[in-house]
Structures are given as C-alpha cells and as structure tokens.
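Residue numbers count from 1 along this sequence.
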Amino acid sequence: MSELLRRETLRKRNLFQSVRQDDELEIPFWDIVVITASDSEQEVAYMAQLQAKMGCELPASVKYHVFPDPVGLKIGNGGSTMAALDNLEQIYGKELDNYKVLMIHAGGYSQRLPSASVLGKIFTALPFGNPLYQMIEAKLMMYIDFPSRMKAGVFVTCADDIELFTIDGNWDFYQPGFTALGHPSPLKIGTTHGVFVLNAEDNKSDSEFSVQSAKCRRFLHKPSIEVMHREGAVVDADTVFTDSAYFMDRNTAKLLLKYYLNHRPLQCEIDAYGDFLQALGSEANDDYTHNTSNITDVTETIVQTRKEIFQWLKGTQLNVLLFKNSVFYHIGTTLEYLNHYCNNTDFQYELSCHPMVMTVGKNALTDASCPEVGSRCSIIHSKIGKNVQLYGESIVEYCLIENDVTIQPNCILSNIHLSSNLTVPENSFLHSVAVKQGTQKYFVTVAYSVGDNIKKYTSNISQLDTLNYAGRKISHVIRNVLNLNPADIWTNGTKIDLWHAKLFPSYKSHRDSVEFAVKMLNYVQTDRRIDLDSIPNRLSMADVIKQKDVLSILNYRRDLKAMVIS
C-alpha cells in the first residue's frame, strides 16, 4: 500500500503546490480555515505565523481565523467547536449557508511534545516541501479533494495527526448529519480511538473501490476488545474502522450552535469526538454519559451535560466514509516524533520525506555522521557547521550549529544555537525560547530527556521518587546534582511535575543559554554536581509559555532562513 499512498500523496502535494501562492483559486477549496486556540496569547502567536505565510505558503484568497476559547473553565475541543461556530455566525451570518469551513483544533500546550508548545502543534515542521511544510499545509494538502465533493458545512480535524488515503469511488459529503472518516485498524488501536459499528452489509462489502460510504449504527469511544466484539464492530476477525476527522453539514452545525447559545458559559470539558459522535447513529444510547474513565477533569456537571448533548443530537445521522487504503499517523509526543521522522520508513516513503530540508552544511558532516541518513536523521531548516558529528535517530530543526559539535543518538534539538566543541548527550531534548521580562529579552533553553513524562505529577513532595528527570530519580537530581531543595523548584500551590519545575535559567545570549542546558544534561547523566542554586531567575516550561516572545522567535527563524537560502 505504501506505493499507492506515496503516488496519491504526491498528486495532492503537487495540486496544493499549484495553488499555494495563488490570490485567486482555480480549484474548489475551503472558503474559511479556522484554528482554535486555548487563549488570547495563543491566538496572537498563531495569527502572527499565519500572516507571515499569506500569499507565499498559504493561498491568500482564503479567510483565515484564529478563535481562542472563552475565558474561564476549560471547555474541551467540543466546547471549542461550538464557541468557534458562534464566532463564525457573528462574522458571516447567512453567508455560512454557502461556505465550506475547515476547523482545526490546535488548543492546548503540547506537553508531550514541548517543542510545539510555544508556537503551536499546527505549526510543527515536516521533513519535506519547498517552501517547508508545517502541519497547517499538510492538512490543506491531505484534504484538497474534499471541497469539490462537499456541500456547505464544517470539517473538523485535530492539529497533530496525518491521514493518508487513496480516493477512488463514488463518495461525497452530501449526506445529512455527520460524515466521518473511517480507517481500518488493528483491535489494539481501536482501544485508544473511536470505533464505528457498521451495518452488517457494510462490514461484509467487497467493493472494488478504496472508498465506500456506509451508515453507522453506533460509535464506541476507546472501547475494550471485548466490547468491540460484542457490539459487532470487528471486521475480518481482527480489524475495526477507527475515526480521525469528520464533517457536519450546515443544519447540524446550526443545531450545535443552538445548544451552545442556550447553555453558555459551559461548565465542563466536552469532547468533540466522544461526546458528539457517541450520541449519533440508529442504535446510540446514553449509557456512555456515566463513564468518566477517559475524562481528565471530572466535574459535577459533566454527566448532566453529556446527557443533554445526547438528547440534543439524538436521531442525527452518522455516515462513515471507509477509506480502506489509508493510514493514520499521530505526531503528538517526543517518541512518536522521533519514530516517524527517523525510523518509520513507511511514513518517510509515503510523504516523500527528505533527511535534509532547507538545510546548508550537508557536506560538512563527517563520515561518521548519520550513516543511514535517509532513515535515521531528520535535519530541518538549519545551518550546520564544519566537522559536525550527528549520530543516528535524531531530529534537528530550526538550529544554528557551529563547528566541531557532536550530537549523540536519539535527540531532539529545536530552535537552538549550539556553540563549537560541545557534545550533546544521547536522549537529549533541547528547545530554546525567547522570553520577555519587563522590557528585556532573554533566552531560556528547556532541557529534558526525550523519554521524560512531563505531564506526570505527584500531589506530595514526599512522593518525588515517582518522577524522573533525564532518566534519573528527580529527588536525587535535585539534591545531589543541582544542589537545590524541592521548595526552590516548586513554589507554594504549584503542581509538582516537570512542566512546572523551575530548572532553566534565562540568559541574555541565546548561545549561552544552550551551552548551560547542554552542560546541565551532561552533569545529570554523569552524576556530577552543578550548583544551580547560585544561578538566579530560573523558569519552568509553564513560565516560558507565559513570558514567550513570539515575534523574536519568528525573527530568529526568518534570519536563519536567510542564511539557509543565501
């Protein structure tokens, strides 16, 4: 299937490339592209990047919007969907009866892939394209055939996944209600996704086409293997059709908007998949409304709200387009990022990835560097100096690396300026961010191990041994390597996790910031003492998000681009 997907993806890429710089589009395309954001600060960061792309990397004739969630409680991507529908209605009103809208959920701070936290996972770089593709361009490329087969409505997707598929057959998005994409997946994948329960005749179909329209009796959200079998979701003994993205027609969008207007402000998180799609289909029931096992923040109103949404959407049709020749790639964690870009040869082949994209200095790499560069390294939008030894299974993006540097395997380096004669230890995650403190600009380089669980937390300092930093018990690192006390790292009321750990000093110099971060990781891994107590003004990743200087980061990337293409 890889060869089919590669050819189809190249066709889509060439088609998107032909309209990428157009002021007037000559093919059916989205009228509006909406990106949702967590807050107004994220909105500013996203809009700055969109505006920089207009007319050169994104079609300028499309209407682009970034809508932040309302201030207050977290409302989830389902709440974001309804809030965005409200914003669209206020701007366009009845014009929406004729508009095709692509809505991309990009809120949240990507704690599992911190290099995407500041500028957003929808702007994650991909290892191909000229100009360089980010996830926003990949979404437009993947769905480029959809608008021509679609009536007015809203297509909803997330920012951190890639779906590749072939499109032959007679199919469209003209059915009433919701029309979702379905992908054949092993049962194990079904336990972590949504699963469609289809009519018996659709399960047994031997259609010659790679895309088939089907009706869904019921939608299961992260079901067990036993439940998938019991409910009749299993096809061909060991396969189910799992979800990725979906379309809602204009009337259904109006229905959701009406619910939102009657119930705002929302008092709990709503899932655009679990809470919307489980209410649909001819055999849907509200048993799921009491199951809170997949909910991060269980509030008093969650069950009642889910019941209301079920009643509101009950009877709405759920259609599924079964993309039989398709794959689904999630790029939301450091380990997924490394695996797909460095090891997953199917991913690299199907997307026509290249080990060096927008990079100068390839000939400067030593003979020992990246011996299998086609599948083991990914260097994106970077300038590499002389005698740089880059060993396998590493990603280097938006970096300026000076001479005589050694980068050990399994690293992610993002936005860093690496001084000459440094050695980056294996498994390092390094990401530099420009921050503002008052009127002054500083640089902070966050440093973790690529395997660190940054979201894992404990509620009590006495349980610190449950957390690791750079692969070691954090209690040992704090006291014996960094010469600190836990109270120096987590202030009163701060969540006790790596995201809120004040470990990273700020520097006037970008290069000095990176140099210290490399030194700290080396010292932690070799159990040598480094006196962090004597270095003031340490920040956490959570602090960096609040103090980020988006324009300075974008200016750095612009200057780096000038070096690369000069």
Side-chain angles (χ1 to χ4, degrees), residues 37-42 45 69 71-74 107-121 269 296-298 332-335 412 414-415 428-437 442-507 513 516-517 520-521 524 530 532-533 535-550 553:
S38 294
D39 51 41
S40 57
E41 291 183 348
Q42 208 169 59
D69 287 348
V71 175
L73 296 173
K74 289 184 178 180
Y109 283 108
S110 190
Q111 289 175 280
R112 296 183 297 170
L113 183 60
S115 52
S117 295
V118 174
L119 296 182
K121 51 195 170 184
E269 292 189 40
T296 303
D297 187 13
V298 179
T333 71
T334 53
L335 299 182
I412 296 175
S414 176
N415 265 52
S428 294
F429 175 93
L430 294 167
H431 176 58
S432 292
V433 182
V435 298
K436 277 186 176 178
Q437 297 176 350
Y442 295 89
F443 292 92
V444 176
T445 300
V446 295
Y448 302 106
S449 165
V450 293
D452 285 343
N453 187 340
I454 296 173
K455 293 181 71 173
K456 185 178 181 180
Y457 69 94
T458 178
S459 56
N460 196 308
I461 290 291
S462 65
Q463 298 173 332
L464 270 183
D465 278 346
T466 62
L467 302 180
N468 288 340
Y469 174 70
R472 312 200 67 187
K473 296 291 185 186
I474 197 168
S475 56
H476 171 81
V477 171
I478 290 171
R479 295 184 174 91
N480 300 321
V481 178
L482 304 181
N483 192 30
L484 294 172
N485 292 311
D488 299 323
I489 296 175
W490 296 283
T491 55
N492 288 337
T494 300
K495 197 172 186 179
I496 303 172
D497 58 13
L498 293 186
W499 184 258
H500 293 89
K502 294 180 182 293
L503 293 171
F504 314 116
S506 55
Y507 286 84
S513 170
F516 180 83
M520 186 167 80
L521 284 179
V524 170
I530 182 172
L532 208 61
D533 182 54
I535 304 176
N537 201 21
R538 297 186 310 274
L539 303 182
S540 66
M541 189 65 204
D543 296 328
V544 166
I545 292 292
K546 293 177 183 177
Q547 298 179 28
K548 63 184 179 291
D549 183 353
V550 170
I553 299 168

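Considering only residues two or more places apart in sequence or on other chains, Asp39 meets the side-chain contact (heavy atoms from CB on, under 4.5 Å) condition with Glu41, Gln42, Tyr109. In this view, Ser414 and Ser115, Glu397, His431 satisfy the side-chain contact (heavy atoms from CB on, under 4.5 Å) rule, not counting sequence neighbours. Ser40 is linked by a side-chain contact (heavy atoms from CB on, under 4.5 Å) to Glu43, counting only residues two or more places apart in sequence or in another chain. Take Ser459 and apply the side-chain hydrogen bond (donor to acceptor under 3.5 Å, both in side chains) test, not counting sequence neighbours, and it matches no residue. Under the rule for a ring-ring contact (aromatic ring centres under 6.0 Å, His included), the partners of Phe443 that lie at least two apart in sequence or sit in another chain are His510. Residues satisfying the side-chain contact (heavy atoms from CB on, under 4.5 Å) criterion with Ile461, sequence neighbours excluded, are Leu464, Pro486, Trp490, Ile496. For Gln437, the side-chain hydrogen bond (donor to acceptor under 3.5 Å, both in side chains) partners two or more places apart in sequence, or in a different chain, are Asn537, Gln547. With sequence neighbours left out, the side-chain hydrogen bond (donor to acceptor under 3.5 Å, both in side chains) criterion links Thr466 to no other residue. When the side-chain hydrogen bond (donor to acceptor under 3.5 Å, both in side chains) test is applied to Ser428, no partner is found at least two apart in sequence or on another chain.
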Legend entry - Trace of the side-chain contact (heavy atoms from CB on, under 4.5 Å) decision for Phe429 with Thr334: CA-CA 9 Å; Phe429 175 93; Thr334 53; 4.1 Å; yes

Inset, instruction - Check the pair Val433, Val446 against side-chain contact (heavy atoms from CB on, under 4.5 Å), reporting the backbone distance first and the verdict last. - result: CA-CA 8 Å; Val433 182; Val446 295; 5.7 Å; no

Inset, instruction - Determine, stepwise, if the pair Val550 / Leu119 fulfils side-chain contact (heavy atoms from CB on, under 4.5 Å). - result: CA-CA 7 Å; Val550 170; Leu119 296 182; 4.0 Å; yes

Inset, instruction - Check step by step if side-chain contact (heavy atoms from CB on, under 4.5 Å) holds for Phe516 and Thr445. - result: CA-CA 8 Å; Phe516 180 83; Thr445 300; over 6 Å; no

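Between Asn485 and Ile478, every side-chain heavy-atom pair lies at or beyond the 4.5 Å cut-off. Looking only at side-chain heavy atoms (C-beta outward), Val118 and Asn415 stay at 4.5 Å or farther from each other. Residues Leu482 and Arg538 have side chains not in contact (no heavy-atom distance under 4.5 Å, counting atoms from C-beta outward). You'll find the side chain of Leu498 stays beyond 4.5 Å of the side chain of Leu467, heavy atoms only. Within the 4.5 Å cutoff, the side chain of Asn468 has no heavy atoms near those of the Ile474 side chain.
The distance from atom CG of Leu532 to atom CZ of Phe504, rounded to the nearest 0.5 Å, is 9.5 Å. Once rounded to the nearest 0.5 Å, the distance linking CD1 of Ile489 with NE2 of His500 reads 14.0 Å.
Counting only residues at least two apart or on different chains, the salt bridge (Lys or Arg N to Asp or Glu O under 4.0 Å) pairs with a member in residues 486-507 are Lys502-Asp543. Applying the salt bridge (Lys or Arg N to Asp or Glu O under 4.0 Å) test to every pair with at least one member in residues 463-484, sequence neighbours left out, gives these pairs: Arg472-Asp527. The list of side-chain hydrogen bond (donor to acceptor under 3.5 Å, both in side chains) pairs with a residue in residues 448-457, not counting sequence neighbours, is empty.
Shown here for Val444 and Val544, the closest heavy-atom pair between the two residues is CG1-CG2, 3.8 Å. The shortest heavy-atom contact between Ile530 and Met520 is CD1-CA, 4.2 Å.
Remark: side-chain polar atoms of Ser38 are paired, donor with acceptor, to backbone N or O of Gly108 under 3.5 angstrom.
Looking at Ser117 and Ser110, their side chains never bring a donor and an acceptor atom within 3.5 Å of each other.
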